[in-house]
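All values below were derived from every heavy atom in this structure, side-chain atoms included, with hydrogens, water molecules and symmetry-related copies excluded.
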Amino acid sequence: MNNEFLILNIREYLKQGKDGEKELERIFSSFSCEMNSDVEKFLLQQSMDFTKKNQSVTYIVISPQHNKIVGYFTITIKPIIINGNCFSNTMKKKIARVSEQNSENGYYSLSAYLVAQLGKNYKDKSNELITGKQLLNLAIQKIKELQYMVVFLETENTEKLIYFYYLFLNIF
């Protein structure tokens, strides 16, 4: 949380089952973005399903002072391919630490965080409580936090180990 805004991961609500979904629907009902119907539609109709399917995670941004949702952002991971020939050798070494290089064409394949959705709430002048720059900055701050939370797990392909890790990871 920063000083002005509360950032809530909708996954925390979804863990509560139907009650959490109903609470999200109540919160979402106070969101309107007539300027971009796709932004509004995503939040109201798709964000919960995308989060449940682990395709993305949506964060709602609340102004505690005004008790209003002022915006939201959605983050996902996207595979990207970049041309390594455009970079210095120093930069290529840095990129190589987090990617795989195709030896035939010099391109690097890696995954990056994507701000997939970004929307301000225009209902009841809530849009005046946050700027687009502040909202995007909150999304970038969240990505910086997430960079240190990513877990990769490599294991032998045995039923016992896979089951053990499955149980462990479902605790979180």
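Salt bridge present: Arg26 and Glu23 bring a charged side-chain N and a carboxylate O closer than 4.0 Å.
The two atoms that bring Gly119 and Leu135 nearest to each other are O-CD2, 3.3 Å, heavy atoms only. For the residue pair Asp49 and Gln45, the shortest heavy atom distance occurs at OD2-O, 4.2 Å. Of all heavy-atom pairs spanning Phe31 and Lys120, the tightest one is CZ-O, 3.5 Å. Residues Ile27 and Ile69 come closest through the heavy atom pair O-CG2, 4.1 Å. The two residues Asn85 and Asn105 have their closest heavy-atom pair at ND2-O, 4.0 Å. In plain terms, the two heavy atoms of Lys68 and Ser126 that are nearest each other are CD-OG, 3.3 Å.
The same ILVMFWY cluster, assembled from side-chain heavy atoms under 4.5 Å apart, contains both Met91 and Ile82. In the hydrophobic clustering of ILVMFWY residues, with side-chain heavy atoms under 4.5 Å counting as a link, Ile60 and Leu6 come out together. Both Ile7 and Tyr113 belong to a single network of hydrophobic side chains, linked directly or stepwise wherever heavy atoms of I, L, V, M, F, W or Y lie under 4.5 Å apart. Under the 4.5 Å side-chain heavy-atom criterion for grouping Ile, Leu, Val, Met, Phe, Trp and Tyr, Phe50 is connected to Leu8 within one hydrophobic cluster. Using a 4.5 Å cut-off between side-chain heavy atoms of Ile, Leu, Val, Met, Phe, Trp and Tyr, with links allowed through other members, Met35 and Phe73 fall into different hydrophobic clusters.
Of the residues listed (Leu43, Leu44, Asn127, Val39), the one engaging Cys33 in a side chain to side chain contact (heavy atoms under 4.5 Å, CB included) is Val39, and it is the only one.
Heavy atoms from other residues, nucleotides or ligands lying under 6.0 Å from CD of Glu34 number 12 at most. For Lys52, the NZ atom is densely surrounded, since the number of other residues' heavy atoms within 6.0 Å is greater than 12.
In this structure, Phe42 and Tyr72 have parallel ring planes: the angle between them is below the 30° cut-off, well short of the 60° mark.
Of the possible donor and acceptor atoms, none in the side chain of Lys41 sits under 3.5 Å from a partner among the backbone N and O of Gln46. In this structure, the side chain of Asn9 does not engage the main chain of Tyr59 through any donor-acceptor pair within 3.5 Å.
Contact check for Glu21 versus Leu14: side-chain heavy atoms found under the 4.5 Å cut-off. Counting heavy atoms from C-beta on, the side chains of Met48 and Tyr13 never come closer than 4.5 Å. Looking only at side-chain heavy atoms (C-beta outward), Ile10 and Phe28 come within less than 4.5 Å of each other.
Judged as a side chain to side chain contact (heavy atoms under 4.5 Å, CB included), and not counting sequence neighbours, the contacts of Ile81 are Tyr107, Ser109.
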Let me see the working for Phe5 and Gln134 under side chain to side chain contact (heavy atoms under 4.5 Å, CB included), right down to the final yes or no. CA-CA 10 Å; Phe5 303 106; Gln134 286 174 306; 4.0 Å; yes
Decide side chain to side chain contact (heavy atoms under 4.5 Å, CB included) for Gln55 and Thr76; before the verdict, give the C-alpha distance in whole Å, the side-chain angles of both, and the deciding distance to 0.1 Å. CA-CA 7 Å; Gln55 293 175 305; Thr76 190; 5.5 Å; no
Using the rule given for side chain to side chain contact (heavy atoms under 4.5 Å, CB included), can you reason through Thr58 versus Gln117, listing the C-alpha separation, both sets of side-chain angles and the distance that settles it, and then say yes or no? CA-CA 8 Å; Thr58 296; Gln117 293 284 332; over 6 Å; no
Side chain to side chain contact (heavy atoms under 4.5 Å, CB included) evaluation trace for Glu4 with Val61: CA-CA 10 Å; Glu4 281 185 86; Val61 180; over 6 Å; no
Test log, rule salt bridge (charged side-chain N to carboxylate O under 4.0 Å, His left out), inputs Glu145 and Lys142: CA-CA 5 Å; Glu145 290 174 26; Lys142 182 55 69 178; 3.0 Å; yes
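Taking CG of Asn121 as the reference point, atom OG of Ser30 lies at 6.0 Å (rounded to 0.5 Å). With rounding to the nearest 0.5 angstrom, the NZ atom of Lys78 is 13.0 Å from the OG atom of Ser56. We find the CZ-OG1 distance between Phe164 and Thr158 to be 11.5 Å, quoted to the nearest 0.5 Å. Put simply, CD on Gln141 and CG on Leu136 are 10.5 Å apart, with the number rounded to the nearest 0.5 Å. In this structure, OG on Ser47 lies 12.0 Å from CZ on Arg11, to the nearest 0.5 angstrom. In this structure, the separation between OG1 on Thr90 and CD1 on Ile95 is 11.0 Å, given to the nearest 0.5 Å.
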